[in-house]
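Here is the structure we will look at, set down as structure tokens.
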Amino acid sequence: QAKQDGGGQYCFYTEEMDQHITRKLQLENGLRKAIEQEGIDVYYQPQVDVRSGEIIGFEALARWNHPEFGFIRPDEFIPLAEETKLIVPLGEKILLEACRQYQQWMDEGHDLERISVNLSAIQFMDPTVVSTVESVLKQTKVAPAHLEIELTESIVQDSTQALPVMNRLKKMGIQLALDDFGTGFSSLSYLKDFPLDTLKVDRSFIQTIHENEKDRAVVDTVIQLADRLGLSVIAEGVETEVQLDYLRSRGCAEYQGYVFSKPLSKTEASALLTQSMAM
Ligand code: C2E
Ligand code: MG
Ligand code: MG
Ligand code: MG
């Protein structure tokens with residue numbers, strides 16, 4: 001009986017595995033095409049000053065509308081792009097597009113402090129990363145101080161390789177932010193070794209801030225830690241006025257989240273900027 005059950009489960013499992021692998025292969029091929037044919041869009045989520053409510057900058061976020069499967073979440077296609085190393089050409093395109101858009105907004109008279117771009121650990125480990133960033137800045141005429149690169153704590157695992165790269169980017173004048181801060185598994189000791197500018201408080205801590213004393217304690221501590229280390233702090237995933245009020249009361253300077261705006265297409269983001277300039 002037990003054996004039969006096990007067998008049954010095994011069959012079910014392979015079928016699921018099959019479907020999973022088929023979709024993965026389809027997505028992988030689709031991704032290759034999408035990168036070649038400019039099928040991946042960049043969306044922009046405003047980064048906002050907590051006190052003034054002004055837009056300080058934007059975070060660039062990749063969006064893929066698959067011709068057959070429809071909209072695919074970055075949480076699915078970014079890991080796939082990483083596995084296949086397609087993240088290197090894809091990441092370069094996103095960086096170029098985001099910097100171009102930033103410069104266009106600046107040329108149109110908008111005053112934005114920064115454009116933030118996510119770089120995966122795989123890109124970061126690629127020997128061409130520094131020259132790629134240099135070339136993008138040169139092509140788009142974006143001053144290095146206006147580019148912020150977002151890294152996750154996974155970078156810490158390869159710190160012997162990552163640290164020299166971070167130092168070179170830092171020396172160029174680029175800003176470095178640690179994304180999803182507090183969700184990684186690394187020790188805090190790297191905070192003093194890495195040339196960081198900003199900590200991004202992960203949205204999991206923000207989400208239940210109003211009901212969970214422990215989340216408040218974590219958020220308070222990250223804000224204080226950033227302050228003591230001379231780093232900036234930005235809260236991610238702020239969805240309600242209550243959450244925003246709390247952050248304001250704790251002296252958190254900046255935030256991103258649906259309470260202000262979802263990630264927007266470049267047309268929508270431009271419209272929002274024009275509207276806020278007119279006010
Ligand atoms: P992330 O860099 O931490 O980006 C923040 C994510 O939170 C985005 O999800 C954003 O849409 C979402 N978000 C923003 N405000 C709110 C909110 O108020 N509530 C909730 N529930 N979510 C909010 P998205 O765009 O789906 O991206 C997911 C992750 O995929 C990103 O997390 C990042 O790690 C990765 N990713 C996205 N674009 C890129 C890219 O161009 N390159 C790389 N390497 N990774 C990317
Ligand atoms: Mg990010
Ligand atoms: Mg994040
Ligand atoms: Mg994330």
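For reference, positions follow the sequence shown, starting with 1. Both ligands and their constituent atoms are indexed starting at 1 by order of listing. FYI, side chains are in, hydrogens and waters are out, and symmetry mates aren't considered; it's all heavy atoms of this structure.
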Any atoms of ligand 1 less than 4.0 Å from a non-hydrogen atom of [X]? List them with their elements.
{"X": "D180", "value": "3 (O)"}
{"X": "E236", "value": "3 (O), 5 (C)"}
{"X": "V238", "value": "18 (O)"}
{"X": "P74", "value": "24 (P), 25 (O), 26 (O), 27 (O), 30 (O), 37 (C)"}
{"X": "I94", "value": "41 (O)"}
{"X": "D75", "value": "28 (C), 29 (C), 30 (O)"}
{"X": "G257", "value": "15 (N), 18 (O)"}

Regarding atom 21 (N) of ligand 1: of the candidates K262, Q45, E239, E59, which has the closest heavy atom?
E239
Atom 22 (N) of ligand 1: which of F77, Y258, F181 has the nearest heavy atom?
Y258
At a threshold of 2.8 Å, where the distance has to be below it, does the Mg ion (ligand 2) have an N, O or S atom of S116 nearby?
no
Are Y255 and L61 linked, directly or through other ILVMFWY residues, by side chains that come within less than 4.5 angstrom of each other?
no
When you group the ILVMFWY residues by side-chain heavy-atom contacts below 4.5 Å and let the links chain together, are L80 and M125 in the same group?
yes
Regarding E236, does it place an N, O or S atom less than 2.8 Å from the Mg ion (ligand 3)?
yes
Would you say [X] touches ligand 1, if touching means a heavy atom closer than 4.0 Å?
{"X": "R73", "result": "no"}
{"X": "Q256", "result": "no"}
{"X": "P263", "result": "yes"}

For Y246, which of T240, D215, D220 qualifies under side-chain hydrogen bond (donor to acceptor under 3.5 Å, both in side chains)?
D220
What's the OD2-the Mg ion (ligand 2)-OE2 angle here (D179, E59), rounded to 10 degrees?
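Vertex at the Mg ion (ligand 2): approximately 180°.
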If you count every heavy atom of other residues, nucleotides or ligands that lies below 6.0 Å from Q26 atom CD, does the total exceed 12?
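Check passes, neighbour count above 12.
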Quick one: pull up CD1 in I35 and CG in L90 and give me the separation to the nearest 0.5 Å.
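Reported to 0.5 Å precision, the distance equals 4.5 Å.
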Could you tell me the separation between the CD atom of E92 and the CG atom of L119, rounded to the nearest 0.5 Å?
10.5 Å
Using 4.0 Å as the upper bound for N to carboxylate O, is an ion pair formed by E28 and R32?
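A salt bridge is present here (some side-chain N lies under 4.0 Å from a carboxylate O).
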Looking at D180 and R203, is there a salt bridge between them, counting it only when a charged N and a carboxylate O are closer than 4.0 Å?
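Judged by the 4.0 Å cut-off on N to carboxylate O distance, R203 and D180 do not form a salt bridge.
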Between F205 and R216, is there a cation-pi geometry (under 6.0 Å to ring centre, at most 45° from the normal)?
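Not satisfied by the 6.0 Å and 45° rule.
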Should the proximity of D179 to ligand 1, defined as any heavy atom under 4.0 Å, be assigned to the side chain, the backbone, both, or neither?
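It is the side chain that gets close, since no backbone atom is under 4.0 Å.
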Just to be sure I read this right, does ligand 1 sit under 4.0 Å from the backbone of N118, its side chain, both, or neither, counting only heavy atoms?
both
For D49, which residues count as a salt bridge (charged side-chain N to carboxylate O under 4.0 Å, His left out) partner, sequence neighbours excluded?
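Scan of D49 (salt bridge (charged side-chain N to carboxylate O under 4.0 Å, His left out), adjacent residues dropped) gives none.
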Candidate list R51, R114, K200, R248, test salt bridge (Lys or Arg N to Asp or Glu O under 4.0 Å), partner E254, passing option:
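When salt bridge (Lys or Arg N to Asp or Glu O under 4.0 Å) is applied between E254 and each of R51, R114, K200, R248, only R114 qualifies.
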Using atom types as modelled, flag every donor-acceptor pair under 3.5 Å from a side chain in residues 102-111 to any protein atom, sequence neighbours excluded.
residue	atom	partner	partner atom	Å
Y102	OH	L112	O	2.6
Y102	OH	H146	ND1	3.2
Q103	NE2	D107	OD1	3.1
Q104	NE2	E108	OE2	3.0
W105	NE1	S270	OG	2.9

Which N, O or S atom of E150 lies nearest to the Mg ion (ligand 2), by name
OE1
Tell me which N, O or S atom from D180 is the closest to the Mg ion (ligand 3).
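Nearest N/O/S atom: OD1.
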